[in-house]
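See below for the structure under consideration.
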Amino acid sequence: MTLDLDGAMGRALELATAAQQWGDTPIGAVVLGPDGAVLAEAANEREKRGDPTAHAEVLALRAAAERHGDGWRLTGCTLVVTLEPCTMCAGASVLSRVDRVVYGADDPKAGAAGSLWDVVRDRRLNHRPEVTAGVRAEESAALLRAFFRDRRRL
């Protein structure tokens, strides 16, 4: 079965755009189940919840774990996110046992899927998801650039 990564990233971009409404950094995440259907989705909610761990990836992985038939183990699932995961989110991906992490824009300042660190492929860990980078990267990067440009104007 072929996953619709472009479509899933499109939905993640919609979620990222929505996060701006409540003042959060525009990052969206979608978890696809083993069958390719959307299992869970989320946008950043750090500002909305006042929770430093309320990253889109963590929220989506938590929701997916509640719906997935194997508890917290998201075996066979794919995490699709607009920005390269940070160390916390990369670690959550490893610990949740997702098979694949797909992201849009690289994050050279905090990325932990190859840019600054490579948590997801660290051979010392017991699980290493496959990584696909650059899916709709320019759209993801443009959304973030516009958000931070607007924030600097305030």
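The analysis underlying the following values was restricted to heavy atoms, covering all of them including side chains, and did not include hydrogens, waters or symmetry mates.
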Report the distance from atom [atom1] of [X] to atom [atom2] of [Y], rounding to the nearest 0.5 Å.
X      : Y      : atom1 : atom2 : value
Arg67  : Arg62  : CZ    : CZ    : 13.5 Å
Glu14  : Leu143 : CD    : CG    : 11.5 Å
Lys48  : Asp24  : NZ    : CG    : 8.5 Å
Asp107 : Cys89  : CG    : SG    : 10.5 Å
Thr82  : Leu15  : OG1   : CG    : 9.0 Å
Asp6   : Leu13  : CG    : CG    : 9.5 Å

Quick check: closest heavy atoms across [X] and [Y], and the distance to 0.1 Å?
X      : Y      : value
Glu47  : Gly23  : CG-O, 3.5 Å
Ala43  : Ala19  : CB-CB, 3.9 Å
Ala113 : Glu84  : N-OE2, 2.9 Å
Thr25  : Phe148 : CG2-CZ, 3.8 Å
Ser140 : Gly104 : OG-CA, 4.0 Å
Ala60  : Ala40  : O-CB, 3.4 Å

Can a donor-acceptor pair be found, under 3.5 Å and without considering hydrogens, that links the side chain of [X] to the backbone of [Y]?
X      : Y     : answer
Gln20  : Thr17 : yes
Asn44  : Arg46 : no
Arg97  : Leu95 : yes
His127 : Ser93 : no

Just wondering, do Leu32 and Val80 contact through their side chains at under 4.5 Å, heavy atoms?
yes

Check: Val58 and Met88 side chains under 4.5 Å, non-hydrogen atoms:
yes

Stepwise, does the side-chain contact (heavy atoms from CB on, under 4.5 Å) test hold for Glu45 with Leu59?
CA-CA 9 Å; Glu45 293 188 11; Leu59 297 175; 3.9 Å; yes

Where do Lys109 and Leu116 land on the side-chain contact (heavy atoms from CB on, under 4.5 Å) test, with the steps shown first?
CA-CA 7 Å; Lys109 292 182 179 180; Leu116 185 58; 5.9 Å; no

When hydrophobic residues are tied together by side-chain contacts of less than 4.5 Å, even through go-betweens, does [X] share a cluster with [Y]?
X      : Y      : answer
Leu39  : Val101 : yes
Tyr103 : Ile27  : yes
Val120 : Leu125 : yes

Give a yes or no on whether a salt bridge exists between Asp122 and Arg128, defined as a side-chain N under 4.0 angstrom from a carboxylate O.
no

May I ask you to say whether Arg145 pairs ionically with Glu138, meaning some side-chain N is under 4.0 Å from a carboxylate O?
yes

Residue from Leu79, Val31, Thr75, Leu74 passing side-chain contact (heavy atoms from CB on, under 4.5 Å) with Ser96:
Leu74

Before giving the answer on side-chain contact (heavy atoms from CB on, under 4.5 Å), spell out for Cys77 and Asp99 the whole-Å C-alpha distance, their side-chain angles and the decisive distance to 0.1 Å.
CA-CA 6 Å; Cys77 295; Asp99 282 5; over 6 Å; no

Given side-chain contact (heavy atoms from CB on, under 4.5 Å), test Val81 with Val102 step by step and report yes or no.
CA-CA 6 Å; Val81 60; Val102 176; over 6 Å; no

